[in-house]
Amino acid sequence: MTAFNPNDAAAKDSGIFGLPYSAEEAKVVLLSVPWEATTSYGGGTAQGPRAILEASKQVDLFDLELGNFYESGIALLDELPDLNEWNRIAKAAAQKIILAENLSEKELTQALTLVNSTSQKINEYVYQTTQKQLSEGKCVGLIGGDHSSPFGAIKAFLERYPNMSILHFDAHADLREAYEGFEDSHASIMHNVISKTSLKKLVQVGIRDFCEDELNFIKENKSRIVTFFDVSMIDEKMSGKSFSVICDEIISHLSDEVYISFDIDGLDPRFCPHTGTPVPGGLDYNEALYLLKKVARSGRKIIGFDLCEVSLGDEAEQESLDTAAQWDANVGARLLYKLCGYALTT
Ligand SMILES: [Mn+2]
């Protein structure tokens with residue numbers, strides 16, 4: 001502790017953001033969930049937490065707007081050792097299904113059961129861990145993994161904060177009722193939240209990729225889901241409405257306690273070129289931060305968050321671990337630091 005100087009470069013053995021805090025000392029604990037079994041397109045998001053940890057050491061600690069919030073302590077929890085193996089086995093089974101290899105009915109059922117039961121194990125682990133940390137007075141942030149990773153965390157947060165709402169940044173609505181047979185698919189996370197929890201309000205921004213069923217689901221659940229489609233936001237911006245006013249409208253739907261679920265692909269893909277399912281359009285990095293700032297300034301409390309789908313791309317891209325692949329982790333680490341900052345200062 002005594003050797004720590006916030007103005008110096010991060011020490012080799014330091015924790016996330018180069019900080020010296022243990023999980024016991026830290027107010028914000030980060031839970032890494034390198035899980036991407038149901039990823040349907042580009043892989044690599046299971047490497048997200050490791051890449052973000054690496055990149056986090058380049059982030060300057062002092063924040064012009066939020067000050068030295070890190071002094072409350074931010075620490076990464078030890079990763080569950082079994083998780084990489086669970087991911088590897090379930091991913092292999094899921095790939096067989098996705099690629100529609102010549103499987104018999106029995107093999108298909110077996111593979112599907114394996115994926116779905118491993119997803120349940122992940123959900124249970126994330127739920128138990130989050131619940132324990134919240135009961136110790138910690139603020140919890142989850143680093144995915146694909147976007148199915150935080151379901152257990154959201155469940156635990158809802159038990160503690162029954163009136164909380166979710167502000168969901170994403171290119172995708174994530175409202176599919178299962179996807180490719182996977183009950184806990186990354187594309188189903190918010191469908192599962194709406195159908196399996198008592199969440200009162202889900203507010204979505206950046207949404208520009210969804211199927212008709214998902215649009216119908218939004219309409220059927222309009223008292224609980226408010227979606228700010230990318231195309232509508234662009235319409236308003238193009239015709240001169242200020243982004244600040246649009247933010248106020250988004251925020252007006254949120255309750256006093258806000259959980260942020262941030263899929264990095266909600267941003268313009270130039271900020272996350274290696275994410276699994278990039279879609280053109282989306283929020284600028286500064287727009288996302290501005291919306292978060294306005295949530296904080298509205299007097300609402302940011303109680304917790306997840307950051308998912310940050311990826312360095314497939315193995316070949318990771319091999320050439322140069323600046324191109326590290327860019328995604330650089331953006332992810334900076335966004336993660338801001339999320340920690342808002343959680344600590346609201
Ligand atoms: Mn997405």
Side-chain angles (χ1 to χ4, degrees), residues 33-49 51-52 91 94 98 119 122 141-151 153-154 166-180 182-194 202-215 217-218 225-234 250 259-285 287-288 291-292 305-314 328-329 331-332 335-336 339:
V33 185
W35 169 251
E36 58 166 345
T38 70
T39 301
S40 39
Y41 188 56
T45 191
Q47 302 301 324
I52 287 174
K91 191 172 172 162
I98 293 168
S119 289
I122 298 283
L142 180 145
I143 313 171
D146 76 32
H147 209 169
S148 70
S149 310
F151 181 77
I154 291 171
I166 296 180
L167 177 56
H168 172 206
F169 293 81
D170 209 319
H172 312 90
D174 287 354
L175 292 169
R176 289 174 191 266
E177 183 181 4
Y179 189 54
E180 293 166 324
F182 309 131
E183 291 159 19
D184 296 283
S185 168
H186 63 97
S188 304
I189 171 87
M190 293 306 166
H191 188 286
N192 287 332
V193 167
I194 292 295
L202 170 67
V203 181
Q204 306 184 295
V205 291
I207 311 300
R208 54 199 186 276
D209 201 25
F210 49 91
C211 68
E212 196 173 5
D213 280 351
E214 292 179 280
L215 183 62
F217 189 76
I218 292 170
I225 307 174
V226 183
T227 304
F228 286 82
F229 294 103
D230 201 42
V231 64
S232 315
M233 277 172 61
I234 288 297
I250 294 167
Y259 176 97
I260 309 288
S261 187
F262 207 121
D263 182 329
I264 196 78
D265 69 29
L267 298 178
D268 183 308
R270 74 181 191 277
F271 299 107
C272 47
H274 296 90
T275 193
T277 41
V279 188
L283 293 157
D284 189 89
Y285 180 76
E287 288 177 328
L291 175 54
L292 289 173
F305 56 87
D306 62 69
L307 175 60
C308 296
E309 308 279 359
V310 174
S311 173
L312 297 185
D314 61 24
D328 297 65
V331 175
L335 183 56
L336 182 72
L339 287 167

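Since the model is a prediction, treat every value here as computed from it, not as a measurement. Side chains included, hydrogens not; waters and symmetry mates left out as well; all remaining heavy atoms used. Both counts, for ligands and for their atoms, begin at 1 and track the order of listing.
Two rings, from H172 and F210, have their centers 6.0 Å or more apart.
With 2.8 Å as the limit, D263 counts as an N, O or S neighbour of the Mn ion (ligand 1). Taking backbone and side chain together, H172 holds an N, O or S atom under 2.8 Å from the Mn ion (ligand 1).
Taking the six-membered ring where tryptophan is involved, the planes of Y285 and F271 are tilted, since the angle between them lies from 30° to 60°.
Just one residue in the list R208, H147, Q204 forms a side chain to side chain donor-acceptor pair (under 3.5 Å) with D170, and that residue is H147.
Between W35 and S148, the shortest heavy-atom distance links the atoms NE1-OG, 3.3 Å.
Rounded to 10°, the angle formed at the Mn ion (ligand 1) by OD1 of D265 and OD1 of D170 is 70°.
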